[in-house]
2 protein chains.
Amino acid sequence: MYSQAEENYLKGIYALEEKSRQNISTNTLAERMRTKASSVTDMLKKLSLKELVTYKKYQGVKLTDLGKKVALKVVRKHRLWEYFLVKNLNYSWHEVHEIAEQLEHIKSETLTDKLETFLKHPKFDPHGDPIPDKDGKIMLIKTVNLLKLKVGQKGVLDSLKDSSDVFLKYLNKKNLALRDRIKVIDIEPFDNSIHIETKTHQLVISKKVAANLNIKL
Amino acid sequence: MYSQAEENYLKGIYALEEKSRQNISTNTLAERMRTKASSVTDMLKKLSLKELVTYKKYQGVKLTDLGKKVALKVVRKHRLWEYFLVKNLNYSWHEVHEIAEQLEHIKSETLTDKLETFLKHPKFDPHGDPIPDKDGKIMLIKTVNLLKLKVGQKGVLDSLKDSSDVFLKYLNKKNLALRDRIKVIDIEPFDNSIHIETKTHQLVISKKVAANLNIKL
DNA sequence: ATATATTTTTAGACTTATCTAAAATAATAG
DNA sequence: CTATTATTTTAGATAAGTCTAAAAATATAT
Ligand SMILES: [Mn+2]
Ligand SMILES: [Mn+2]
Ligand SMILES: [Mn+2]
Ligand SMILES: [Mn+2]
């Protein structure tokens with residue numbers, strides 16, 4: 001069907017579209033794919049020919065309906081495998097991304113749905129991201145950036161903006177986990193650092209950290 | 001580490017060495033890999049450079065210790081994944097080979113052992129083939145071809161010589177499964193077809209079928 | 001509006017894995 | 001032992017995906 005490289009590009013474009021809803025520029029995509037702009041141009045031509053993206057020279061790129069469908073399938077597989085790795089194989093949430101990055105490309109008509117059944121239809125992956133269903137429908141949870149909370153406000157840590165290894169390890173170290181109830185104790189005007197409290201402890205986090213925490217009120 | 005193609009070739013050579021213990025010829029390997037002899041020659045040069053095989057022009061090929069170690073790792077992964085697919089995802093034994101053929105190439109230092117732990121250290125895959133351990137040690141079960149049994153002799157169906165899709169489906173249809181106790185009722189001298197009996201039923205199998213059934217006495 | 005800087009595309013090269021056709025070597029048969 | 005056949009290797013092409021360097025297009029600044 002589609003090559004591993006094609007699937008990765010589609011997923012990359014999808015992720016960027018989620019943030020910006022404008023056409024994605026060649027350079028932006030190149031950075032995300034950790035490749036060169038010239039390689040991106042080549043690939044966009046190929047994806048365009050296969051009707052997976054809308055692409056006109058110098059105009060950036062956008063997924064077609066077909067492209068989005070394929071991207072969501074890959075995202076679904078990625079997140080189901082991540083769930084499996086954490087839940088059944090006892091991996092920690094910061095170890096699974098790289099492996100899921102490979103598993104998401106396994107070709108089979110039946111595997112994904114069988115895996116989902118085995119996992120009992122999880123709705124979210126280990127990083128709090130929603131798992132698209134069989135038809136590509138994806139749940140949107142309304143969350144707000146921790147930065148937006150005022151002193152005294154409470155909420156639940158729902159998901160992360162950045163699920164990179166270093167950030168996940170930081171959260172591990174600070175004993176912060178998804179579903180933790182968080183209360184804002186104080187906000188330091190000087191550097192916007194935030195003093196927060198969970199059920200078990202208190203700590204101060206930087207503005208940068210707070211920006212990566214999505215809170216459900 | 002090693003590419004998917006390289007791993008597949010190593011596995012192919014390993015499988016052929018199990019049968020013949022002589023150097024494997026280019027054509028034999030080409031047929032097994034469903035590719036052309038010229039492609040095989042190219043790959044053998046590459047594998048030789050990486051010290052995975054011993055190869056001299058026109059002399060055929062043989063795995064080095066390193067090559068065998070790599071091959072056994074791939075076999076281990078293949079069979080563990082097959083076990084997972086049948087045991088946990090509810091696949092039938094004839095459906096899993098193609099998927100495991102892909103899963104066996106997932107790169108991770110930890111995945112295989114974690115999977116094995118999750119599966120509770122199975123010793124055999126769904127086709128009765130032994131699963132190599134962490135160190136590449138592989139269990140050898142002494143079996144005998146069903147063709148070798150005399151009338152009246154009994155044994156247990158242990159594994160298969162040919163685990164191809166068509167053959168597995170044939171066994172499904174005839175209600176023959178691994179671990180079935182089998183007794184030879186009669187052997188027809190004309191075409192060497194064999195009349196056998198299991199706990200639940202009787203049937204006649206051809207010489208060709210019998211040749212693919214490994215029996216533990 | 002024109003010069004400069006930035007972004008994007010093109011041109012050409014490289015790697016991996018494959019193929020076909022031709023050449024070289026080895027095996028076999030008379 | 002030589003001629004024929006079969007096997008194996010080489011030569012040259014192709015496709016996917018990547019890269020660097022140069023050219024082209026677009027954006028920005030004076
Ligand atoms: Mn991937
Ligand atoms: Mn995730
Ligand atoms: Mn394989
Ligand atoms: Mn098997």
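Each chain gets a letter, A, B and so on, in the order its sequence line appears, and its residues count up from 1.
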- prompt: What does nucleotides 22-27 of chain C look like as a protein-contact string, B for base, S for sugar-phosphate only, - for none, at under 4.0 angstrom between heavy atoms?
  reply: --BSS-
Name the atoms and distances for all side-chain donor-acceptor pairs under 3.5 Å in residues 27-43 of chain B, with sequence neighbours left out.
from, atom 1, to, atom 2, distance (Å)
B/T28, OG1, B/S25, OG, 2.5
B/T41, OG1, B/A37, O, 3.2

message: I need the full list of salt bridge (charged side-chain N to carboxylate O under 4.0 Å, His left out) pairs touching residues 53-72 of chain A, with sequence neighbours left out, sorted by first then second residue.
response: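 Pairs touching residues 53-72 of chain A that pass the test: none.
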query: Please, which pairs that meet salt bridge (charged side-chain N to carboxylate O under 4.0 Å, His left out) have at least one residue in residues 203-217 of chain B, sequence neighbours excluded?
result: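 Applying salt bridge (charged side-chain N to carboxylate O under 4.0 Å, His left out) to every pair that reaches into residues 203-217 of chain B, excluding sequence neighbours, yields B/D158-B/K216.
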How many Å lie between [atom1] on [X] and [atom2] on [N], as a whole number?
X	N	atom1	atom2	answer
B/L44	D/dT8	CG	C1'	11 Å
B/K56	D/dT8	NZ	C1'	16 Å
A/K45	C/dT8	NZ	C1'	10 Å
B/K50	C/dT15	NZ	P	13 Å

Does [X] place a side-chain N or O at less than 4.0 Å from the phosphate oxygens OP1/OP2 of [N]?
X	N	answer
A/S38	C/dT10	no
A/K36	C/dT9	no
B/S39	C/dC19	yes
A/Y55	C/dT8	no

field: Any residue meeting salt bridge (charged side-chain N to carboxylate O under 4.0 Å, His left out) with A/E17, in chain and number order, not counting sequence neighbours
entry: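 With sequence neighbours excluded, A/E17 shows a salt bridge (charged side-chain N to carboxylate O under 4.0 Å, His left out) to no residue whatsoever.
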- request: Please list, chain by chain and in numerical order, all residues satisfying salt bridge (charged side-chain N to carboxylate O under 4.0 Å, His left out) with B/D113, sequence neighbours excluded.
  value: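 With neighbours one apart ignored, the set is B/R76, B/K134.
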Table please: side-chain donor-acceptor pairs of residues 140-147 of chain A below 3.5 Å, with sequence neighbours left out.
from, atom 1, to, atom 2, distance (Å)
A/N145, OD1, A/L147, N, 3.3
A/N145, ND2, A/A211, O, 3.0

message: Taking side chain to side chain contact (heavy atoms under 4.5 Å, CB included) as the definition, give me every residue that meets it alongside B/D135, ordered by chain and number, with sequence neighbours left out.
response: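 B/D133.
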- request: Quick one: pull up CE in B/M139 and CG in B/D129 and give me the separation to the nearest 0.5 Å.
  value: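 The distance works out to 12.5 Å.
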At a cut-off of 3.5 Å, list every protein nitrogen or oxygen paired with a nitrogen or oxygen from nucleotides 12-14 of chain D, distance to 0.1 Å.
none

message: Restricting to non-hydrogen atoms, name the atom on A/P130 and the atom on A/F124 that form the minimum distance, rounded to 0.1 Å.
response: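 Shortest heavy-atom contact: CA-CD2, 3.6 Å.
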query: Sequence neighbours excluded, which residues qualify as ring-ring contact (aromatic ring centres under 6.0 Å, His included) partners of A/H94?
result: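 Expected list: none.
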query: How would you list, by chain and number, every residue that makes a ring-ring contact (aromatic ring centres under 6.0 Å, His included) with B/H105, sequence neighbours excluded?
result: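 Not a single residue meets the ring-ring contact (aromatic ring centres under 6.0 Å, His included) criterion with B/H105.
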- prompt: Counting only non-hydrogen atoms, which of residues 4-32 of chain B are less than 4.0 Å from DNA chain C?
  reply: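 Residues of residues 4-32 of chain B that come under 4.0 Å of DNA chain C are, in numerical order, B/A5, B/Y9.
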